[in-house]
Amino acid sequence: MVPPRATTARWVWSLPTIRWDVVWSEIVRLIKYGLVGSSNTLISLVVLNLFFLVWAPTNQIVLVLGSTAAYAAGDINGYWWNRSWTFNAGAPSWGQFARFAALSILCMAINAAILWGSAGWLMALFLPSWLVGNAPQISMMLAGGVGYVASRFWVFRKS
């Protein structure tokens with residue numbers, strides 16, 4: 001009969017070992033992704049305000065065009081930096097760019113759906129305005145999480 005102590009020791013040694021170098025490289029990659037996302041936001045804000053300096057936001061068409069131009073500028077920046085710096089994906093390709101564009105549309109839709117779905121019940125709960133006002137940031141973080149995983153394993157995957 002094997003003493004319980006020896007059984008426990010064998011069980012512990014059978015656990016998979018954690019490769020801390022892999023964990024650390026993933027954390028660094030996630031930080032880089034966040035920095036690129038921050039630069040996307042900054043570029044979008046600059047483009048949006050420059051657009052509105054030229055064309056005053058007097059109607060919905062101008063608002064939509066300005067927002068689309070700003071988002072596209074941020075996305076082009078995001079594609080460039082995520083491909084070359086965050087994920088080291090090598091030379092660009094049309095397939096990679098098409099996957100990135102599809103992911104961008106998906107993340108925009110996720111963000112809008114979360115915001116649309118939560119806005120009604122957040123307001124119905126009579127929560128403080130600062131909490132309701134931060135709902136877009138929460139939805140962007142959730143959409144950004146989906147964006148990171150999809151970028152890592154689908155858009156910029158190593159061949």
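Just so we're clear, the structure is a prediction, and the values are computed from it rather than from any experiment.
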* Structure fact -> For M108, the hydrophobic cluster (side chain heavy atoms closer than 4.5 Å, chained through members) also holds Y71
* Heavy-atom pair of closest approach, residues S44 and A70 -> OG-O, 3.0 Å
* To do: Taking side-chain hydrogen bond (donor to acceptor under 3.5 Å, both in side chains) as the test, write out the residues that go with N77, two or more places apart.
  => S39, N40, W81
* Could you give me the CA-CA distance, side-chain angles and deciding distance for W85 and W80, then say whether side-chain contact (heavy atoms from CB on, under 4.5 Å) is met? => CA-CA 8 Å; W85 184 53; W80 173 262; over 6 Å; no
* Asked: Hey, quick one: are I76 and V47 part of the same hydrophobic cluster, counting side-chain heavy atoms closer than 4.5 Å, chains of contacts allowed?
  -> no
* Linking Ile, Leu, Val, Met, Phe, Trp and Tyr by side-chain heavy atoms under 4.5 Å, what else ends up with L45? -> none
* Just jot down the side-chain contact (heavy atoms from CB on, under 4.5 Å) partners of I105, sequence neighbours excluded, or say none. => none
Would you be so kind as to tabulate the donor-acceptor pairs closer than 3.5 Å made by side chains of residues 28-35, with sequence neighbours excluded?
from: R29; atom 1: NH1; to: E26; atom 2: OE1; distance (Å): 2.8
from: Y33; atom 1: OH; to: Y148; atom 2: N; distance (Å): 3.3

* Residues forming a side-chain hydrogen bond (donor to acceptor under 3.5 Å, both in side chains) with S25, sequence neighbours excluded -> none
* **Nearest non-hydrogen partners of I43 and G74, listed with the distance** => CG2-N, 4.2 Å
* Main-chain N/O of G90 paired to R83 side chain as donor or acceptor, under 3.5 Å -> yes
* Are I110 and V155 connected in a single hydrophobic cluster, I mean Ile/Leu/Val/Met/Phe/Trp/Tyr linked by side-chain heavy atoms less than 4.5 Å apart? -> yes
* Return each pair, listed once, that meets side chain to side chain donor-acceptor pair (under 3.5 Å) where at least one residue sits in residues 90-104; pairs must be two or more places apart or across chains. => D75-S104, Y79-Q96
* To do: Verify the cluster assignment for W154 and F97: are they in a single hydrophobic cluster under the rule of side-chain heavy atoms below 4.5 Å apart?
  => yes
* **Steps toward side-chain contact (heavy atoms from CB on, under 4.5 Å) verdict (F52, V62)** => CA-CA 8 Å; F52 289 155; V62 175; 4.1 Å; yes
* Asked: Taking only residues two or more places apart in sequence, or in another chain, which ones meet T86 in a side-chain hydrogen bond (donor to acceptor under 3.5 Å, both in side chains)?
  -> N82
* Residues clustered with L50, ILVMFWY side-chain links under 4.5 angstrom -> V46, L53
* Partners passing side-chain contact (heavy atoms from CB on, under 4.5 Å) against I61 (at least two apart in sequence or in another chain) -> N59, L65
* Structure fact -> Contacts of A150 meeting side-chain contact (heavy atoms from CB on, under 4.5 Å) (sequence neighbours excluded), chain-then-number -> L103
* Hydrophobic cluster mates of V22, side-chain heavy atoms under 4.5 angstrom, ILVMFWY only, any path? -> none
